[in-house]
Number of protein chains: 2
Amino acid sequence: MAPPVGRALKHVQVREYVRGLVTGSAPGSPAPSERELVQRFGVARMTVRQAMDALVVEGLLERIPGRGTFVARPRRAPSKITGFTEEMARRGMLAESQTLLARREQAGPGVARALSLTEGDAVVHWRRLRRADGVPMCLEDAYLNEVLLPGFLQSGMPTSLYDSLAARGLRPTWAEDSITADKATPEEAGLLEVEPSSVVLRHSRRAVSGEKVVEVSRTVYRADRFTLWVQLGQGC
Amino acid sequence: MAPPVGRALKHVQVREYVRGLVTGSAPGSPAPSERELVQRFGVARMTVRQAMDALVVEGLLERIPGRGTFVARPRRAPSKITGFTEEMARRGMLAESQTLLARREQAGPGVARALSLTEGDAVVHWRRLRRADGVPMCLEDAYLNEVLLPGFLQSGMPTSLYDSLAARGLRPTWAEDSITADKATPEEAGLLEVEPSSVVLRHSRRAVSGEKVVEVSRTVYRADRFTLWVQLGQGC
DNA sequence: TAGTGGTCTAGACCACTAT
DNA sequence: TAGTGGTCTAGACCACTAG
């Protein structure tokens, strides 16, 4: 394959060429040597190193001095920040949602603080009963900053909140969760179709995209149907 | 301050000089310009860029084209992988432990699989009742690969498992946790000093350091005393 | 206009690995 | 010995920002 032509930066051309060669290769496979790429693209070696550096930082390549550059074994990664739809898909289950409430409200003190707003500011309150493979799994109350989501309530509610946040460039980049065990309230038990005072898992989330708080939610899961899985790590 | 002298690599000298200038500075403070560092250290600009690149990747500096290089605002980071002692300290509580059991065992099928061992291999089983500010908080069963921890049982049990792992260069770099809500067994209720069938939070962990599985544990927390906090993020 | 970071060149020498 | 990545030089031009 010839080096691509275009007005793209040279280190980007090299980087994407190598990425193309390398994606799909088994870990440990050799990448082209730096001097080989210098020849192929007719660029300086520092330019090639800039390209390779980026792929090394990404975790795609691994350099071994004296030996060469190789496809890195995929690093164990921390959990992605996902919503219910994506999480259930990952478990091979079909997520369904029943909207119980979707309206504009004035933020109370707790929600205002969590969303970094002022009390009384407009928020979207969205309450859903969520099923996996037809069985009630959890009850979720999400609060969203209306200013960040103009026309959200009018545009017809999506299935996946996180998809529609992503579509607006507001995919969460950071989230803080708190998790407790508790007993269901009578109302929760009724909606979740469990005995009164059944054990539940309560999960609160505050999700941030860049500097903006995009979601504050409280979710109550049936303990008999749901285990929370989290991966932690120092890698990215 | 004069450039340090020594046989250290030049880009390392520059990097550590800048790090020293910058740590403690407020986010947004300017770092020295690249050309200024070229003058000060008498090195090539590419060498300075190599030094600065490292600090940018670390998240310490931020480059703004046309303006300069500045101290980055600390990025929101995912949770560190901590044990009970460290976690309680973070909450301003004093962690105490009472060892209920500490012995060499043969790994059963479940523990063997989780520790990436063969059934019957030697493992350390360590059961502790853990208190925070004197109140029972959780009951933890940890299983450790004895081969990775020679003399662990003989050397007197430490307070913090994670400290002693760190001392052997086995600080976890990745962990997978699962969290469920449940009711305490009679034995658990007795040890945790709660009513029988009280609500508890069950937390399982499999912690890895590099490629080695260093800890497998199951912990049961009093739900009335403990909330799990987790931060997730794409930054490192 | 002066200064900044972003890109790029065309070399060089080193330590290390593999044959 | 040949090849690899690691380090380093002494320049250059560009687009952008700020005064």
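Letters go in sequence order (proteins before strands), and every chain restarts at 1.
Of the candidate nucleotides D:dG5, C:dT9, D:dC13, C:dT9 has the atom lying nearest to any side-chain atom of B:Met46. Closest contact between the side chain of B:Pro65 and the listed nucleotides C:dG5, D:dT7, D:dA10 involves C:dG5.
Distance CD (A:Gln39) to P (D:dG3): 12 Å, rounded to an integer number of Å. As rounded to whole Å, 10 Å separates atom C1' of C:dT7 from atom NZ of A:Lys10. Across the protein-nucleic acid pair, B:Leu61 atom CG and C:dG6 atom P stand 11 Å apart, rounded to whole Å. In this structure, A:Ile64 atom CD1 and D:dG6 atom P are separated by 10 Å, rounded to whole Å. Regarding A:Glu36, its CD atom lies at a distance of 12 Å from the C1' atom of D:dT4, rounded to whole Å. Nucleotide C:dA15 holds its P atom 12 Å from the CG atom of B:Leu9, rounded to whole Å. Rounded to an integer number of Å, the gap from B:Met52 CE to C:dG5 C1' is 10 Å. One can place CG of B:Leu37 at 17 Å from C1' of D:dT9, the figure rounded to the nearest angstrom.
Between B:Arg45 and D:dA10 there is no side-chain polar atom (N or O) within less than 4.0 angstrom of OP1 or OP2. Distances shorter than 4.0 Å separate none of the side-chain N or O atoms of B:Arg35 from OP1 or OP2 on C:dG3. Phosphate proximity of D:dG5 to A:Thr69: present, with a side-chain N or O under 4.0 Å from OP1 or OP2. Between B:Ser33 and C:dG3, a side-chain N or O to OP1/OP2 separation shorter than 4.0 Å is absent. Residue B:Arg67 places at least one side-chain N or O closer than 4.0 Å to OP1 or OP2 of D:dA18. Dashed line: the shortest gap from a side-chain N or O of A:Thr47 to OP1 or OP2 of C:dT7 is not under 4.0 Å.
Aromatic rings from B:Tyr143 and B:Trp126 are positioned such that their centres are separated by 6.0 Å or more.
With a cut-off of 3.5 Å on both Watson-Crick or G-U wobble distances, the partner of D:dA12 is given as C:dT7. Of all nucleotides present, only C:dT1 satisfies the Watson-Crick or G-U wobble test against D:dA18, with each distance under 3.5 Å.
A:Ile179 has its side chain out of reach of A:Arg202: every pair of non-hydrogen atoms, C-beta onward, lies at least 4.5 Å apart.
Rounded to the nearest 0.5 Å, atoms CZ (B:Arg128) and OG1 (B:Thr159) are 8.0 Å apart.
Taking the six-membered ring where the residue is Trp, A:Phe41 and A:Tyr17 present perpendicular rings, their angle passing 60° and hence far from 30°.
Judged by a 6.0 Å distance limit and a 45° cone about the ring axis, A:Arg91 is positioned over the six-membered ring of A:Trp229.
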